[in-house]
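Here is the naming used below: chain letters follow the sequence lines, and residue numbers restart at 1 for every chain. Keep in mind that this is a model prediction, so the values were computed, not measured.
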There are 2 protein chains.
Amino acid sequence: MIKDVARLAGVSHQTVSRVLNDHPSVRDETRERVLVAVKQLNYRPNALARGLAGRRSRVIGVVSFDTILHGPAATLLGIERAARRAGYGISIVALERLDRSGVIEAVNRLAEQSVAGVVIIAPLLTAAAAAGSLPTGVPAVVVESDLAGDLPTISVDQVAGARLAVEHLLELGHETVWHLSGPKDWLEARDRIDGWRATLEAAGRRVPPVLAGDWSPKSGYEAGRQLAERGEVTAVFCANDQQALGMLRAFSERGVRVPEDVSVVGFDDIPEAAYLSPPLTTVRQDFDEVGRRCLAALLELLGVDRPPGVARHPRVPPSLVVRASSGPPRAA
Amino acid sequence: MIKDVARLAGVSHQTVSRVLNDHPSVRDETRERVLVAVKQLNYRPNALARGLAGRRSRVIGVVSFDTILHGPAATLLGIERAARRAGYGISIVALERLDRSGVIEAVNRLAEQSVAGVVIIAPLLTAAAAAGSLPTGVPAVVVESDLAGDLPTISVDQVAGARLAVEHLLELGHETVWHLSGPKDWLEARDRIDGWRATLEAAGRRVPPVLAGDWSPKSGYEAGRQLAERGEVTAVFCANDQQALGMLRAFSERGVRVPEDVSVVGFDDIPEAAYLSPPLTTVRQDFDEVGRRCLAALLELLGVDRPPGVARHPRVPPSLVVRASSGPPRAA
DNA sequence: GCCCCGATTGTTATCGGTCACATTCATGGG
DNA sequence: CCCATGAATGTGACCGATAACAATCGGGGC
């Protein structure tokens with residue numbers, strides 16, 4: 001194929017290759033002629049052959065988990081966008097279970113395809129650990145994990161996010177804030193617990209026991225029913241919006257008014273959050289930015305220049321979105 | 001690399017290749033020896049080289065759109081799962097806009113990578129049309145579209161889904177059913193409108209004007225406010241769950257009780273649906289099955305045997321999930 | 001005017017496999 | 001006992017690009 005172009009342009013195939021790869025020493029007039037031929041034949045170089053010969057493909061592998069959840073899906077999209085802009089394609093492997101061998105196997109599958117590098121979305125502790133000890137020499141970046149050994153890591157600053165939520169509630173006048181956590185083997189869940197606890201302690205408040213959820217609306221619903229029984233609770237910080245949604249449902253069933261009786265704050269800012277009853281105060285994560293920084297980190301690892309304008313810091317700051325589900329306590 | 005294996009096993013590289021590809025004429029004893037060498041060297045064939053030489057890669061391209069929405073995300077996951085099981089990898093290209101040139105460009109990007117075939121998730125009319133007139137000779141299957149020219153098409157039977165929803169409401173005793181549609185340039189939206197209208201007409205009921213939404217909770221909220229003004233409405237079929245969610249919010253704000261005053265039915269059965277206030281009656285789509293059938297259709301196109309146990313029919317039947325948001329009208 | 005050097009361009013090997021065809025060897029029919 | 005036949009295996013070309021090195025050409029320094 002490249003030979004057809006070469007023939008049409010009256011040059012050698014190597015010169016065509018040079019033009020395609022922006023090699024400096026090609027005369028302008030020659031380059032022009034080649035480009036005309038390329039356009040005329042509607043030529044597109046074969047990525048496989050390129051990868052084989054050049055030993056670097058323009059494809060990045062992504063190991064993802066549960067892309068039906070909002071966070072992972074949004075992160076994946078962010079990565080894809082950033083990659084496309086940088087001229088890379090994306091190959092994905094979704095994991096069914098997020099354990100050690102699964103992650104390693106997935107990376108191997110991608111390595112087989114000679115991807116230039118991989119991004120591992122590994123929100124579980126076990127996965128992060130696996131990522132930290134990859135056998136292969138594939139350049140890798142890890143998302144939402146900070147115990148991935150030497151690998152560069154990008155994540156939203158969950159601790160700061162939790163602090164935003166808790167401080168907001170304390171400023172409204174609540175005595176303390178309860179927490180419905182995510183599953184404890186998720187790093188994000190653990191960080192949000194830490195942030196919540198640290199903020200309460202820093203303010204000298206009582207730290208109630210952690211309620212354990214599993215991200216699902218169902219677990220929020222069940223926790224909500226329990227909280228509705230106790231009278232004392234005035235503010236709850238849920239580890240994600242779906243749990244908050246389930247909790248709102250439980251409160252509404254029990255006649256607990258939000259925010260008059262109890263304030264609820266979520267995490268994620270899913271598209272639905274603004275339209276719940278009542279609209280949900282929550283912490284927004286910028287997944288697009290996460291994707292961008294992942295790619296930047298990976299490109300750096302590959303020895304390519306980082307795209308301009310992308311901050312380097314591995315911790316993306318979240319922001320608080322105040323809506324009607326949080327307000328001052330009745331007593332205050 | 002394959003030569004290392006060959007040397008270790010004491011055979012030619014070609015024999016190794018035969019073993020790897022299940023060629024029949026290899027003596028069992030030889031095959032065994034090769035497999036041992038493969039394991040010992042932890043050899044994995046290079047997918048690029050394979051694709052280049054064999055002119056067929058084990059990668060399937062997926063052109064997707066807005067994978068943050070539940071439907072596309074779930075479909076993508078279903079395809080990935082089915083592909084992995086069949087020994088294929090997945091490359092994705094997400095579209096920013098779903099227009100003609102975007103789809104064509106995306107398919108070209110995938111073709112460059114010599115994918116074995118592509119699955120196009122093209123819920124918009126324009127995209128479907130583009131898919132129908134692809135320039136390249138890449139085997140393709142289209143999801144959620146029936147005007148993709150000669151290309152095989154897999155989709156959930158939206159008309160049947162709408163019928164389930166409307167018949168359910170009519171059986172409860174409602175005189176007629178209003179409809180909040182999705183954006184009209186989405187095929188799914190159009191089909192749901194058609195199914196809704198046809199069911200009403202078949203039952204000899206009055207067909208109210210269509211309310212136009214855009215899938216977002218916001219548009220559901222706004223439509224809900226309008227409907228709350230009119231007294232006559234007793235049942236609404238929303239084209240998706242997010243719109244239904246927004247509508248529930250509007251009703252709750254206006255003091256319209258669900259289902260006592262108005263019944264609401266959604267479409268999709270997102271994970272949140274069961275925990276809205278009230279829990280949402282909705283139509284469930286089996287996206288996993290869609291993914292499976294997509295892959296089956298594509299493999300068939302590629303001349304590979306269809307995996308056993310996968311139904312061939314291009315229209316996946318949806319099912320009704322009845323919850324508390326629908327009930328008999330007050331008058332009945 | 002001659003030679004050396006850098007800018008251009010061409011030639012050939014190579015990436016890691018598969019494909020097409022050649023070769024070897026054991027078996028069975030005439 | 002010889003040859004056709006088919007199973008099992010080996011040999012070299014080839015997929016479509018890039019890499020390494022060779023060749024060619026024009027210009028400046030002596």
- Residue whose nearest DNA chain C nucleotide is more 5′ - A:S25 or B:A49: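 This one resolves to A:S25.
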- Query: Taking the nucleotide of DNA chain C with the closest heavy atom to each, which residue, B:R50 or B:R18, is nearer the 5' end?
  - Reply: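 Nearest-nucleotide comparison on DNA chain C picks B:R50.
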Is there a side-chain contact between [X] and the phosphate of [N], meaning an N or O under 4.0 Å from OP1 or OP2?
| X | N | answer |
| --- | --- | --- |
| B:R27 | D:dA7 | no |
| A:S12 | C:dT9 | no |
| B:T30 | D:dA8 | no |
| A:N46 | D:dC15 | no |
| B:T15 | D:dT9 | no |

In whole Å, I'd like the distance from the [atom1] atom of [X] to the [atom2] atom of [N].
| X | N | atom1 | atom2 | value |
| --- | --- | --- | --- | --- |
| A:N21 | D:dG16 | CG | P | 18 Å |
| A:L48 | D:dC14 | CG | C1' | 15 Å |
| B:L20 | C:dT18 | CG | C1' | 11 Å |
| B:R58 | C:dT18 | CZ | C1' | 14 Å |
| B:L41 | C:dG17 | CG | P | 12 Å |
| A:R44 | D:dA17 | CZ | C1' | 16 Å |
| B:H23 | D:dT9 | NE2 | C1' | 10 Å |
| B:R7 | C:dG16 | CZ | P | 13 Å |

- Message: Regarding C:dT9, can its base be found pairing with the side chain of A:H13 as donor and acceptor, where the two atoms are less than 3.5 Å apart?
- Response: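 No pair found.
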Between [X] and [Y], does any side-chain N to carboxylate O distance fall below 4.0 Å?
| X | Y | value |
| --- | --- | --- |
| A:E289 | A:R292 | yes |
| B:R27 | B:E32 | no |
| B:R315 | B:E144 | no |

- Could you tell me which non-hydrogen atom of A:S114 sits nearest to which non-hydrogen atom of B:N46, and how far apart they are?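 Here A:S114 and B:N46 meet closest at OG-ND2, 3.6 Å.
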- Check the angle between the aromatic planes of A:W186 and A:F65 and answer parallel, tilted or perpendicular using the 30° and 60° thresholds.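 Tilted.
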- Could you check which of D:dG16, C:dG17, C:dG10 has an atom nearest any side-chain atom of B:L52?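 Minimum distance to the B:L52 side chain belongs to D:dG16.
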- Item | Residue met sooner reading DNA chain D from 5', once B:Q14 and B:A53 are mapped to nucleotides |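 Counting from the 5' end, the first nearest nucleotide belongs to B:Q14.
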